[in-house]
Protein chains: 2
Amino acid sequence: MPLNPVRRVSLAHDITDQLSRAIVAGDFPAGTLLSEPMLARRLGVSRAPVREALIELSTRGMVEFDDRGRSRVPSLGHDDLVDILGIRMAIEPLAAALAARRRDGAALAELERNLAATRVAASAAELAACDGAFHSGVVRASGSRRLGLCWKVVEHQVDLWLTQMQSRVESFCEKVRDTTAASHGILLEAIRSGDHRRADTLARDHLAEWQRILAPAA
Amino acid sequence: MPLNPVRRVSLAHDITDQLSRAIVAGDFPAGTLLSEPMLARRLGVSRAPVREALIELSTRGMVEFDDRGRSRVPSLGHDDLVDILGIRMAIEPLAAALAARRRDGAALAELERNLAATRVAASAAELAACDGAFHSGVVRASGSRRLGLCWKVVEHQVDLWLTQMQSRVESFCEKVRDTTAASHGILLEAIRSGDHRRADTLARDHLAEWQRILAPAA
DNA sequence: TCCACGGGTATTGTCGACAGTCGACGGGCG
DNA sequence: CGCCCGTCGACTGTCGACAATACCCGTGGA
């Protein structure tokens, strides 16, 4: 049996993930002060890894430092959604096009698995998770580390916006599951076939679709 | 006389800037191990702010953490330039278009001043500094904090690439000064007049110009 | 009643210290 | 002669501590 190399986990990375999830989940409402001692106490660690996590999150736009070093959960409004989707429309078509040029087998297989999971997503949360993972997967399939860094800036912003708007997608989620799966499916097909022009367009259209869906909620 | 609020400078931010400049300046060749104790000793501070600076720089693609937490200066090759310019062609036209929609007076004035400085730039280094500041200024003028975060990922990458390629722009710098100033000038004019369509195109063209200039050097 | 003031509290930025881990190096053994 | 192992040094990840600073709140005085 092949021994897999053990992955080294640092508290800081773990905390980054946990905080990220907690913020998106709405555990910390917009404007909440995230004091380091408070988080450290709750997490049962010292301030050092918490601090590192907050710095990391600040570069992803999930927390903001004020002029005195205190970090808070940013408060997203209507124009933030426009901003976020605008940036995603700049990043994601590029990622899709690069992925189509690259055609990395492993990445494509991962997208394939994701697509399968999307098609049978049972809950709204599950669908949202699949959708997020698909878009992240496309960026990863692009093979550009730098694009991956840019992606982190917007990766969870729409989720955060939805949480803060409290307009959970629950209501219209079932009816978008099939269209989501369909869009992802044809985009993946374009990537797999290496048609970068088409991949670019499809990614753009897919985002425009989301834009239409989310616009009324704003 | 209006007393300006004193800006609190943290060692970490200061170190981030210093390291960034040092890396771009080529003080640390590609692949150099940036050990925290070494940097702390040289800077006369403890490891804590150095660590924070390295984390910040890693999100900007100026240092890379390997699987064991050691940070090194990334080694940029030919395809990195393609990657970088590709991302910039996604980000900057958007920034220019947003800036044109926004037309922020202060930001425009800053760009104006920068343009004036560009026109009289005497040395290659000075021109490079002006050019960098102009592009950063456009992103700032877009008013999007998130776009600003993305921008940081590519902000100094071309400079780093040039440093590592050792093909200093010295040679053909004088002759690009005027074309740079001209390109910036018409872009700024488009932004000021609020023509976002044109601003988008001009930003793209300006980058394509750079692409043509840098391609042979690769 | 309202404002100025001062102590107490909480938080940030920075520091030094320690444990765990890894690579380099040299000595002993087959 | 080559391989293995133990030791040493260096570095990272994490911790607790301290000074500086800003806020909160109760108190005293006008």
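Heavy atoms only: backbone and side chains are in, while hydrogens, waters and symmetry mates are out.
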Taking only residues two or more places apart in sequence, or in another chain, which ones meet Asp104(B) in a side-chain contact (heavy atoms from CB on, under 4.5 Å)? Arg102(B), Ala106(B), Ala107(B)
Per-pair distances, 0.1 Å, donor-acceptor, side chain in residues 27-45 of chain B, under 3.5 Å, sequence neighbours excluded:
from, atom 1, to, atom 2, distance (Å)
Thr32(B), OG1, Pro29(B), O, 2.4
Ser35(B), OG, Met38(B), N, 3.2
Glu36(B), OE1, Arg47(B), NE, 3.1
Glu36(B), OE1, Arg47(B), NH2, 2.9
Glu36(B), OE1, Arg51(B), NH1, 3.4
Glu36(B), OE2, Arg51(B), NH1, 3.0

Pull out every residue in residues 10-20 of chain A that has a heavy atom closer than 4.0 Å to any atom of DNA chain D, ordered by number, or say none. Ser10(A), Leu11(A), Ala12(A)
Any residue meeting salt bridge (charged side-chain N to carboxylate O under 4.0 Å, His left out) with Arg103(B), in chain and number order, not counting sequence neighbours: none
In degrees, rounded to 10°, what is the bend between the two ends of the helix from dT1(C)-dA30(D) to dG30(C)-dC1(D), using five pairs at each? 10°
Going by salt bridge (charged side-chain N to carboxylate O under 4.0 Å, His left out), name the residues that satisfy it together with Glu112(A), two or more places apart in sequence or in a different chain. Arg192(A)
Under-3.5 Å N/O pairs linking protein and nucleotides 21-25 of chain C:
from, atom 1, to, atom 2, distance (Å)
dC22(C), O3', Arg68(B), NH1, 2.6
dG23(C), OP1, Arg68(B), NH1, 3.3

Show me the donor-acceptor pairs, under 3.5 Å and distance only, between side chains in residues 86-97 of chain A and residues at least two apart or in other chains.
from, atom 1, to, atom 2, distance (Å)
Arg88(A), NE, Glu92(A), OE2, 2.5
Arg88(A), NH2, Glu92(A), OE2, 2.8
Arg88(A), NH2, His135(A), ND1, 3.2
Glu92(A), OE1, His135(A), ND1, 2.6

Hey, can you pull the residues of residues 31-49 of chain B with a non-hydrogen atom under 4.0 angstrom from DNA chain C? Val45(B), Ser46(B), Arg47(B), Ala48(B), Pro49(B)
Just jot down the salt bridge (charged side-chain N to carboxylate O under 4.0 Å, His left out) partners of Arg204(B), sequence neighbours excluded, or say none. Asp200(B)
side-chain contact (heavy atoms from CB on, under 4.5 Å) filter on Asp67(B), not counting sequence neighbours, yields none
Go through the structure and list residues passing side-chain hydrogen bond (donor to acceptor under 3.5 Å, both in side chains) with Arg113(B), not counting sequence neighbours. none
